[in-house]
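For reference, the structure is listed below as structure tokens.
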Amino acid sequence: QLGIRSSIEDWLLCDMEGICRYLGLSYIPKSLKGNDGNAKLNDLYSKARRIYQKGYQVKELVTSLDMSVIRKMHADALVDLEKALNVIAQ
């Protein structure tokens, strides 16, 4: 049985450089307001004068991220999922 401990936004925030590049921000904020990844992503989007809508235009955001950075930061959390899917991490 697999459990959920965080939202996808929490994981996406691991690649702040990629998100800031996607948003056209010339800097990476030191901190973000919010109690969870969704609120923090909303705060980051507001710094670029944009609105984050969960699930909307996610493809463009995701393609600008470095998934190896995100995976490396969450490797322990992915072990059970990778075993369940019979995936060999490279």
Count I, L, V, M, F, W, Y as connected when their side-chain heavy atoms are under 4.5 Å apart, and connections chain through other members. Are Val58 and Ile8 then in the same cluster? yes
4.5 Å side-chain heavy-atom contact, Met16 and Pro29: yes
Neighbour count >12 (heavy atoms, 6.0 Å) for atom CD1, Ile51: no
Output for pair (Ser26 OG, Leu23 CG), nearest 0.5 Å, gives 11.5 Å
Show me, pair by pair, the donor-acceptor contacts under 3.5 angstrom made by side chains of residues 36-44, not counting sequence neighbours?
from: Asp36; atom 1: OD1; to: Asn38; atom 2: N; distance (Å): 3.3
from: Asp36; atom 1: OD1; to: Ala39; atom 2: N; distance (Å): 2.8
from: Asn42; atom 1: ND2; to: Asn38; atom 2: O; distance (Å): 3.0
from: Asp43; atom 1: OD2; to: Lys33; atom 2: N; distance (Å): 2.9

Atom pair SG/CE of Cys14 and Met67 - distance to nearest 0.5 Å: 10.5 Å
Could you see if Leu25 belongs to whatever hydrophobic cluster contains Ile28? Use Ile, Leu, Val, Met, Phe, Trp, Tyr and a side-chain cutoff under 4.5 Å. yes
Spacing of Leu78 atom CG and Lys72 atom NZ [to the nearest 0.5 Å]: 13.5 Å
Would you mind listing every ring pair (Phe, Tyr, Trp, His ring centres under 6.0 Å) that reaches into residues 13-47, with sequence neighbours excluded? Tyr45-Tyr52
So, does Asp10 use its side chain to make a donor-acceptor pair with the main chain of Ser7 at under 3.5 Å? yes
Taking the side chain as every heavy atom from C-beta outward, state whether Glu17 and Asp15 have any atom pair closer than 4.5 Å. yes
Heavy atoms, side chains only, cut-off 4.5 Å: are Leu61 and Tyr56 in contact? no
